[in-house]
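Report on one structure; see the data block that follows.
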Amino acid sequence: MRLTALFPLACAVVAFVLSMLCLFAGHKPGFMEDYAIVTLNTSTLGHNLIPTATTSSGPSPTATSIGSFFSSIAHNISSTIEGDLNSIIGDVADKLAKEIGIKQWYSLHLMDLCEGTYAPNATQKGAHENVTTCSNQTAMYHFDISKQLNQELEIGPLHINLSDINWPSEIQDGLNALNTALDATFVLYAIGIAAAGCAILASLVACFLHGSHLISFGNWGLATISFLALLIASIIVTVVQSKATKLINKYGNEIGAYAYKGNKYLVLTWVAVAVMFLAMLAWVAEFCVGKRNKGREYTEKSSGRGWGRSRRSDEAALRRSGV
Ligand SMILES: *[C@@H]1O[C@H](CO)[C@@H](O)[C@H](O)[C@H]1NC(C)=O
Ligand SMILES: *[C@@H]1O[C@H](CO)[C@@H](O)[C@H](O)[C@H]1NC(C)=O
Ligand SMILES: *[C@@H]1O[C@H](CO)[C@@H](O)[C@H](O)[C@H]1NC(C)=O
Ligand SMILES: *[C@@H]1O[C@H](CO)[C@@H](O)[C@H](O)[C@H]1NC(C)=O
Ligand SMILES: *[C@@H]1O[C@H](CO)[C@@H](O)[C@H](O)[C@H]1NC(C)=O
Ligand SMILES: *[C@@H]1O[C@H](CO)[C@@H](O)[C@H](O)[C@H]1NC(C)=O
């Protein structure tokens, strides 16, 4: 039983579990919803539909053919949302999404998209995310927020679509480019998890078999593969998250969509990377210590043999000299 192998074993187990969680966070409603990659707050999406003093500054409908359509929507919305400007703004955040048939937030996970409402309400600071549904999980999920929103708007109470709320096409165009990077991330996590799993088994072997160089080297190799895969995956996720958030906020803020970065997800994935890095270092240390010990054993053995030989040759010399 070699106790020094327990440390990299523990690291590999932790990295394995954390990277599994990165992959599966949010794969079903209510499972680690906080650990989304990007969250969209759509509670005020479409606020430009409402004909109050606020819309005169915001973008107004250009096509005259849908002018009557808008006034009828406006009538329906304003019949439920009343009061002066300030209380309308407060209520818009909490009621508008339901009014046009969408959810208050959408969150991107590695394998699916979840959606739901804020509890107790959308304007409450630090509101809890109440999950309604998640899409079916798929290995390489493509974040298509435009399609999702359009579907919900079309079957919603007002039967409108994305062009009615001036949803800019730049958002989905940009997200499509980022989706390819997320596919690569999925593959990298899979490699990282598989290598971490093998590293756990190999560390167990190293615990029970007395350290051979080959086992230390093999363990180091597995830890390195897992570390590199998780490192690259984490870099990609970090960049994609930052770009997607910037993109959505750049084009979405004026129509009422806000994107937030999932910082908890970043913590999860980078801790997995750090822990696997420690496992890798531990195997380098193990390898070097093993080598030094072996070296010392070898010099002790050879000096012992040298001493024996010299004694025997001394005796031979004495015998030869006829003593
Ligand atoms: C979450 O939403 C459901 C209905 O969609 C509701 O019954 C439940 O009370 C909500 N939970 C919280 C904490 O508001
Ligand atoms: C939101 O909920 C909080 C806490 O329940 C409440 O104080 C606040 O008035 C609510 N806001 C709106 C606009 O309903
Ligand atoms: C969602 O966005 C609206 C509009 O910016 C904001 O008032 C509200 O506080 C946000 N809600 C949450 C839970 O972040
Ligand atoms: C999700 O999966 C279920 C059964 O596995 C299926 O009935 C349903 O149509 C799927 N939904 C989508 C959106 O693919
Ligand atoms: C407004 O509401 C009325 C009934 O409440 C409905 O008949 C009408 O279709 C609604 N208008 C729109 C544009 O959905
Ligand atoms: C939205 O609906 C209008 C008609 O109401 C239609 O001309 C337009 O093509 C639709 N846009 C999308 C993206 O479906």
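Just so you know, ligand 1 is whichever comes first in the structure, and atom 1 is the first atom listed for that ligand.
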Next on the checklist: For the CD1 atom of I236 and the OH atom of Y189, what is their distance to the nearest 0.5 Å?
Outcome noted: 9.5 Å
Item to check | Straight-line distance of L175 CG to L178 CG, nearest 0.5 Å | outcome: 6.0 Å
Item to check | ligand 3 to A127 polar contact by distance, N or O atoms, under 3.5 Å | outcome: no
Checklist entry - Purely on distance, is any nitrogen or oxygen of N41 under 3.5 Å from one on ligand 3? => result yes
Item to check | Contact partition for W105 relative to ligand 3, non-hydrogen atoms under 4.0 Å | outcome: neither
Item to check | Inter- and intrachain pairs under disulfide (SG to SG under 2.5 Å), touching residues 149-179, at least two apart | outcome: none
Next on the checklist: Taking disulfide (SG to SG under 2.5 Å) as the cut-off, I'd like each qualifying pair that reaches into residues 103-134, sequence neighbours left out, listed once.
Outcome noted: C114-C134
Which atoms of ligand 3 are found less than 4.0 Å from any heavy atom of [X]?
X	value
T44	4 (C)
S43	1 (C), 2 (O), 3 (C)
Y258	4 (C), 5 (O)

Checklist entry - Using a distance-only test with no angle check, is there a side-chain donor-acceptor pair under 3.5 angstrom linking S146 and Q172? => result yes
Checklist entry - Hey, do the aromatic rings of F277 and F227 have their centres closer than 6.0 Å? => result yes
Next on the checklist: Measuring from non-hydrogen atoms of Y260 to any atom of ligand 3, is the shortest distance under 4.0 Å?
Outcome noted: yes
